Novice: 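After the structure tokens below, expect a handful of questions from me.
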4 protein chains.
Amino acid sequence: MSRVFRLIISCPDQVGIVAKVAGFIASEGGSIVEANHHTDAINQWFFMRHEILASSLKSDLEGFRQKFAPIAEQFDMDWQVPDSGQPKKIALFASKESHCLADFLYRWHEEDLPGEVACVIANHDDLRRMVEWYDRPFHHIPVTPDTKLDAFAQSQALIEQYDIDVIVLARYMQILPPKMCADYAGKVINIHHSFLPSFVGAKPYHQAYERGVKLIGATCHYVTEALDAGPIIEQDVIRVSHSHSIDDMRRLGRDVEKTVLSRGLRYHLEDRILIHGNKTVVFAN
Amino acid sequence: MSRVFRLIISCPDQVGIVAKVAGFIASEGGSIVEANHHTDAINQWFFMRHEILASSLKSDLEGFRQKFAPIAEQFDMDWQVPDSGQPKKIALFASKESHCLADFLYRWHEEDLPGEVACVIANHDDLRRMVEWYDRPFHHIPVTPDTKLDAFAQSQALIEQYDIDVIVLARYMQILPPKMCADYAGKVINIHHSFLPSFVGAKPYHQAYERGVKLIGATCHYVTEALDAGPIIEQDVIRVSHSHSIDDMRRLGRDVEKTVLSRGLRYHLEDRILIHGNKTVVFAN
Amino acid sequence: MSRVFRLIISCPDQVGIVAKVAGFIASEGGSIVEANHHTDAINQWFFMRHEILASSLKSDLEGFRQKFAPIAEQFDMDWQVPDSGQPKKIALFASKESHCLADFLYRWHEEDLPGEVACVIANHDDLRRMVEWYDRPFHHIPVTPDTKLDAFAQSQALIEQYDIDVIVLARYMQILPPKMCADYAGKVINIHHSFLPSFVGAKPYHQAYERGVKLIGATCHYVTEALDAGPIIEQDVIRVSHSHSIDDMRRLGRDVEKTVLSRGLRYHLEDRILIHGNKTVVFAN
Amino acid sequence: MSRVFRLIISCPDQVGIVAKVAGFIASEGGSIVEANHHTDAINQWFFMRHEILASSLKSDLEGFRQKFAPIAEQFDMDWQVPDSGQPKKIALFASKESHCLADFLYRWHEEDLPGEVACVIANHDDLRRMVEWYDRPFHHIPVTPDTKLDAFAQSQALIEQYDIDVIVLARYMQILPPKMCADYAGKVINIHHSFLPSFVGAKPYHQAYERGVKLIGATCHYVTEALDAGPIIEQDVIRVSHSHSIDDMRRLGRDVEKTVLSRGLRYHLEDRILIHGNKTVVFAN
């Protein structure tokens, strides 16, 4: 993949934004690899994402940003220009269940996901050997009701130390403290093992079994203080029937969970997601 | 399709049921077209469905039932033997939205659904012309807060008059009185325009839009007194994104609704559904 | 829906196209409702579609086109500006099978599809009553080996007479003469009842049954002289198993066929499809 | 999972088979966990699978088989009684691409798949480290045009030595010699990276890209002498668009490939597949 700058913009809608931005990119010699727009007609809000070939630009990243800043100010933009040459640093939070972690590490190892696994933090020691095979640092930080605050303080220290860009809760099964949700708003991604908003909270497959649904699912979302209620990134489902036990649902669900998480995380790592209110705009590819 | 008797059984599980039933069918010369079993290991309950070629049997329907009755008694069976030669009589309840009704009438007209549309009952007169093109009786029974009980009494009188086997709420948008739910338990099928248990009640597409889900769905279920909480028969979903308005969701959803309803109803008309508690066993084909 | 002009462009890729086009739209006061770009990196070709609110523009359609023409020339564009206020005129070609025709007429009647059904041409008279209920002209033009050329000449005369924009083969089951394929290139849409390129030609469900596939499908494509080999617009599949007969496949397939056709046709009617070589760019919504 | 015997039967159809088999199972005290029947009406052939709780039976496996043999003879049955307590021994054949192998080893390690990975045979040495982490024997047997016959003789010797029950070609990319296909008929499972019968042979994603299909897929099938033409076990697809390059298709396809292979292989390991002619009956759960 050639190096690209990603110009990510959201702002109040008005005539002339596209022309201004496109004019700027052209004046910088920018070769556009991919472009996506969305207008939220109800909220009169505009969203835009460009991938621009870095080698085609007259300026380096810093220069590009400086020159663009006045346009951003003029249109009151929320904006950023992430650089594909600086892949995001990821902290994976895990517990005992390995499927999402294993899937993620494998994809990272195969260079299938555009990010850098910086460390794994787990409240149990079970997955150490797997993580260490991939030569990634593994930190075992137990969480008990008594030590919870301290444990999260330790985790947060590691996040700062590794200069983490995104935290992935890979079936971590612990609820983050409100302050941590706030500190890393839009930077913590969770996989919930139901088709939200159905079956919030604990044991969703049990709930699904009891209700007798004919499809089960998984939801990848940003974590907010409200449990399983943050902005949804991606969802998928799989068919079940009366013949499936709760264990069967768990088994079938695992595949959906890891697929949905890896898809959602790819969108985040490629800066394809713009959060607005409690919803996402996902410029998927 | 050749005429078949469908032997439908549910009972407490024990060794020897299959042998007894299969032995009986063989002793009657019955050629089995399709057979399905399910054991609910948690509740120790057994479910079974056979399609038997009518022409292969020594007895007629009445004889078959009489000879089978002692076996049913021995195993404490809940059982029935519907005859594909006596298709179920259907009352379609509709309002103003035509898509489920139109889809259903078309399938019936093309002999694609094994039932008999006996009448249409609607609380608005809008769909009369469509129904009459299909040469089916159309009854306009308005429902207002004041006349509700009377309106349902009228409807119920028609149901008795037409000797109806199954009531289909094809986007009827009215809540049936509790007594009617009880009187026709397991005989009223509704299509709800969400992936239940998400978005119960009114305006599910609005709710879905607000929550920012990435899939919308529809659910076909038996009606019980608890709103949108009866046994689920069939569900399906379709992908949506930030680019879809509520109107787009309605449009996309309509196709899912009618697909799910026609699938669920086919299962009911072919006696493929066994209700147990608040769940269904669906021997789908 | 508000009236929009759709600016549809494809041309050799180069830096500055987007800026030029966006600058032009902005200078005309154009409010962009939807915008899509695609760069084919292998063929160095660029594709672009804008929906612009007609009421926001300084010029009428003719004026807009005249002012845009020099830009189009400069970048060697293949371009058009269809107007949503002038819905395309559709000729439906049918035979005996009604499901695609019925689905289409119903959607048109409900104002669910943005086109104008101008007439139905059928080689059998069976579907006349259905078409006439919708108050559309029905032309019965039988096709036999001997009369084939004459029949298509008659059809073509009707197409001219009704000033048709797009021909839809709704399970027409006849192969168009090469000259007609050429005369209406990019304007004839067919639904083939298999997942192309599998099972080209006659009796695809028989072929699928014989091969023992576990999914069957349908394909909506532009008609070219090469049988079932034109640019693909849309495809979908449905799961089957050993328990499904050829008749079951036909029944399940009908639902896929009409869904795929209506989706593909919607894309065409909304000018979302750009043909390049034997492939399509579909800016789906 | 409790230990079960699986009674797998196929034979010419006639009245009384089910009664005879069910009577036998009941007389042995057998508690039936799962039962499936299928009648192929065209070929007048009958297929049946029972899972019977081993602990409920009066006889051990050998005794059960001996007592059942006369019934099998009477009805001219093709039959077997695999024992879930003796999981099948698997040889995985791999090349350089790791996704199917890694997925399979992971599932085996998590006890998610009911088989025993006996060894991995690969024509390249790249995946040795991964296999050895799972503590499985890795045999590197290079294949060149000159050494091909000798290489397969070596492989076959290993298959005998490990007493292999099923060979899985996990993106092995080599064509087995006809004799080997014949020797292990119904025991070699391949994953092909297209939706067969589309895109047989080499580079299916290139073929799919060229044809401009809107869905890509994968097919799990038994290997026969005819390339990619053996009995199909399982298939699935994923949506693609004009925006996906061949590399994107490869990436998306990998997930479909491993899902389809693991599903198909599970069916085989649980004795859910009955081959008849060039087609399969799959009693899926």
Side-chain angles (χ1 to χ4, degrees), chain C residues 36-42 45 47 194-200 204 207-222 228-247 260 263-264 267 272-284, chain D residues 36-42 45 47 194-200 204 207-222 228-247 260 263-264 267 272-284:
Chain C
N36 293 281
H37 307 182
H38 171 60
T39 307
D40 178 338
I42 293 177
W45 215 260
F47 304 86
S194 86
F195 182 73
L196 289 174
S198 290
F199 311 133
V200 164
Q207 295 183 56
Y209 182 85
E210 285 307 316
R211 183 62 188 92
V213 291
K214 301 300 185 185
L215 298 166
I216 55 169
T219 302
C220 176
H221 65 96
Y222 288 109
D228 298 332
I232 292 173
I233 300 169
E234 174 65 348
Q235 303 186 288
D236 216 337
V237 294
I238 193 168
R239 194 158 282 276
V240 292
S241 79
H242 60 267
S243 71
H244 292 102
S245 65
I246 293 175
D247 274 346
V260 167
R263 252 192 252 146
Y267 298 150
R272 295 183 176 280
I273 313 174
L274 291 81
I275 303 176
H276 193 68
N278 200 44
K279 296 169 67 171
T280 60
V281 169
V282 180
F283 291 125
Chain D
N36 292 281
H37 308 181
H38 171 61
T39 307
D40 178 338
I42 291 176
W45 215 260
F47 305 85
S194 85
F195 181 75
L196 289 175
S198 291
F199 311 133
V200 165
Q207 295 182 56
Y209 182 85
E210 286 307 317
R211 182 62 188 93
V213 291
K214 301 300 184 185
L215 298 166
I216 54 170
T219 303
C220 176
H221 65 97
Y222 288 108
D228 299 331
I232 293 172
I233 299 169
E234 174 64 348
Q235 304 186 288
D236 215 338
V237 294
I238 192 168
R239 194 159 281 277
V240 292
S241 79
H242 59 267
S243 71
H244 292 102
S245 64
I246 293 174
D247 274 347
V260 167
R263 250 191 255 148
Y267 298 149
R272 295 183 177 280
I273 312 174
L274 291 82
I275 302 176
H276 193 67
N278 201 45
K279 295 169 68 172
T280 61
V281 169
V282 181
F283 290 126

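Labels below follow one simple rule: chain letters A, B, ... track the order of the sequence lines, proteins then strands, and each chain is numbered from 1. Just so we're clear, the structure is a prediction, and the values are computed from it rather than from any experiment.
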Novice: Looking only at heavy atoms, which two atoms of Ser198(D) and Phe195(C) are closest? And how far apart?
Specialist: OG-O, 4.0 Å
Novice: Please identify, among His38(C), Lys279(C), Glu234(C), Arg211(C), the residue contributing the most non-hydrogen atom pairs under 4.5 Å to chain D.
Specialist: Arg211(C)
Novice: Output the distance between atom CG (Leu215(C)) and atom CG (Leu215(D)), rounded to the nearest 0.5 Å.
Specialist: 9.5 Å
Novice: Go through Gly277(D), Ser245(D), Ala229(D) and name the one with the most non-hydrogen pairs under 4.5 angstrom from chain C.
Specialist: Ala229(D)
Novice: His242(C) side chain to Val282(D) main-chain N or O, any donor-acceptor pair under 3.5 Å?
Specialist: yes
Novice: Between chain C and each of Pro231(D), Ala284(D), Gly230(D), count heavy-atom pairs under 4.5 Å; write down the option with the most.
Specialist: Gly230(D)
Novice: Between Glu210(D) and chain C, which part of the residue has a heavy atom less than 4.5 Å away: side chain, backbone, both or neither?
Specialist: backbone
Novice: Where on Phe47(C) is there a heavy atom nearer than 4.5 Å to chain D: the side chain, the backbone, both, or neither?
Specialist: neither
Novice: If the condition is salt bridge (charged side-chain N to carboxylate O under 4.0 Å, His left out), which residues does Asp236(C) pass it with, not counting sequence neighbours?
Specialist: Arg263(C), Arg239(D)
Novice: Which atom pair, heavy atoms only, marks the closest approach of Lys214(C) to Ile233(D)?
Specialist: CE-O, 3.5 Å
Novice: What residue, out of Asp40(D), Asn278(D), Val237(D), Val213(D), has the most heavy-atom pairs lying under 4.5 Å from chain C?
Specialist: Val213(D)
Novice: With sequence neighbours excluded, tell me which residues meet side chain to side chain contact (heavy atoms under 4.5 Å, CB included) with Asp228(D).
Specialist: Asn190(D), His192(D), Leu196(D), Val200(D), His221(D)
Novice: Can you tell me which portion of Thr280(D) sits under 4.5 Å from chain C's heavy atoms? Options are side chain, backbone, both or neither.
Specialist: both
Novice: Of all of Ser241(D), Ala208(D), Pro197(D), Gly217(D), which one pairs up most often with chain C through heavy atoms under 4.5 Å apart?
Specialist: Pro197(D)
